[in-house]
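The structure appears below as structure tokens.
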Amino acid sequence: MRSWNRNARGGSPFAGEMANQGRLGSWDYESRTATAPAEIRGRLALDEAAGDDPDVVRTDYLFRGDGRPVMVSITWEPLELTRGTPIVLPEDGPHAGKGVVERMRQIGVQVTHAAEVVSARNATVEEAKLLDIGAPAIVLTIERTYYADARPVETADLVIPVDQYQVLYGTSTWDEPAAH
């Protein structure tokens, strides 16, 4: 399920979506600092790289529903935004696993919207192995970027096997929850 209000409930959006389906959501991840490749630099509106200096945190995910692989994702967040904050690593620290909207809120960044480009292609050999599907299988790809007004704060590439899962999109008029 892909909808803006999935970020309103707190906690992990993926775990919440799996729970809504009566499934247990889990994931493996690896985060590291990196120098963003050209395409990612463009999506995050980053200046030209300063040599090999890391300028993003890259996190590779394998998401599971009831133990079965359902999606792979690679996310990138600009270090200029998160360096030195408790959210610098998406899956570590006091706000681990809460999703980019909630995590950014913790450092005073209000995510206002996201844009997604949806397409399909053949799975790479690596993706097929991770998703436990055949290498020529068709996968759905989602290129997603979250924004705080005009500033990109996170971009991601999601890959989902289309022979096993559908993606349902929704919209909401959800407003920011009142502060307590």
Side-chain angles (χ1 to χ4, degrees), residues 1-21 25-27 29-50 53-61 63 71-119 140-160 167-180:
M1 175 72 169
R2 312 261 334 130
S3 68
W4 178 253
N5 67 355
R6 74 190 200 115
N7 296 301
R9 62 179 158 242
S12 162
F14 177 78
E17 290 168 9
M18 289 288 102
N20 285 344
Q21 298 173 29
S26 62
W27 56 95
Y29 66 91
E30 179 186 344
S31 293
R32 63 189 175 281
T33 59
T35 303
E39 178 186 351
I40 300 307
R41 303 191 81 68
R43 287 164 48 184
L44 288 174
L46 296 175
D47 293 333
E48 191 158 329
D53 291 341
D55 52 13
V56 293
V57 169
R58 174 186 166 152
T59 304
D60 294 51
Y61 290 95
F63 291 93
M71 177 174 64
V72 294
S73 175
I74 301 172
T75 67
W76 292 269
E77 294 179 356
L79 272 169
E80 68 184 11
L81 185 61
T82 62
R83 183 181 278 123
T85 72
I87 69 157
V88 68
L89 296 173
E91 300 296 330
D92 294 315
H95 307 290
K98 293 193 177 175
V100 68
V101 174
E102 177 61 26
R103 288 178 43 257
M104 290 295 166
R105 187 178 297 127
Q106 299 305 314
I107 61 168
V109 175
Q110 182 64 45
V111 174
T112 56
H113 65 286
E116 294 188 340
V117 177
V118 180
S119 190
L140 181 71
T141 62
I142 303 172
E143 177 186 297
R144 179 193 63 215
T145 303
Y146 280 104
Y147 295 86
D149 294 321
R151 181 181 189 176
V153 299
E154 188 232 43
T155 194
D157 291 311
L158 295 78
V159 178
I160 304 165
V167 178
L168 173 65
Y169 278 85
T171 59
S172 173
T173 57
W174 173 74
D175 290 323
E176 179 68 24
H180 297 283

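Quick caveat, the model's predicted, so the values are computed rather than measured.
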Distance-only donor-acceptor pairs under 3.5 Å for side chains of residues 71-81, two or more places apart:
{"unit_1": "Glu77", "atom_1": "OE1", "unit_2": "Arg103", "atom_2": "NH2", "d": "2.9"}
{"unit_1": "Glu77", "atom_1": "OE2", "unit_2": "Arg103", "atom_2": "NH1", "d": "2.7"}
{"unit_1": "Glu77", "atom_1": "OE2", "unit_2": "Arg103", "atom_2": "NH2", "d": "3.4"}

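- Using bins of under 30°, 30° to 60° and over 60° for the plane-to-plane angle, the ring pair Tyr147/His113 lands in the parallel bin.
- Of the charged side-chain nitrogens involved, at least one lies within less than 4.0 Å of a carboxylate oxygen, so that Glu154 and Arg144 count as a salt-bridged pair.
- Here the CD1-CD1 distance, from Ile107 to Ile87, works out to 3.5 Å after rounding to the nearest 0.5 Å.
- Taking Val118 as the reference, Leu140, Ile142, Tyr169 meet the side-chain contact (heavy atoms from CB on, under 4.5 Å) condition, with sequence neighbours excluded.
- Annotation: the span from Thr35 atom OG1 to Arg58 atom CZ amounts to 12.0 Å, rounded to 0.5 Å.
- Under the rule for a side-chain hydrogen bond (donor to acceptor under 3.5 Å, both in side chains), the partners of Thr59 that lie at least two apart in sequence or sit in another chain are Ser31.
- Under a cut-off of 6.0 angstrom, the local environment of CG in Asp53 is crowded, with over 12 non-hydrogen atoms contributed by other residues, nucleotides or ligands.
- At least one side-chain heavy atom of Arg105 sits under 4.5 Å from a side-chain heavy atom of Gln110.
- With rounding to the nearest 0.5 Å, the separation of CG in Asp149 from OG1 in Thr112 is 4.5 Å.
- Residues satisfying the salt bridge (Lys or Arg N to Asp or Glu O under 4.0 Å) test with Arg43, not counting sequence neighbours, are Glu39, Glu143, Asp157.
- Val57 is listed as a side-chain neighbour of Leu89, based on a closest heavy-atom distance under 4.5 Å.
- Note on residues 83-93: no pairs pass salt bridge (charged side-chain N to carboxylate O under 4.0 Å, His left out), not counting sequence neighbours.
- The structure places CH2 of Trp27 at 7.0 Å from CZ of Phe63, a figure rounded to the nearest 0.5 Å.
- Contact detail for Pro90 and Val88: the closest heavy-atom pair is CD-O, 3.7 Å.
- Listed by chain and number, the residues in a side-chain contact (heavy atoms from CB on, under 4.5 Å) with Ala36 are Ile40, Arg41, Leu46, Asp55, Val56 (sequence neighbours excluded).
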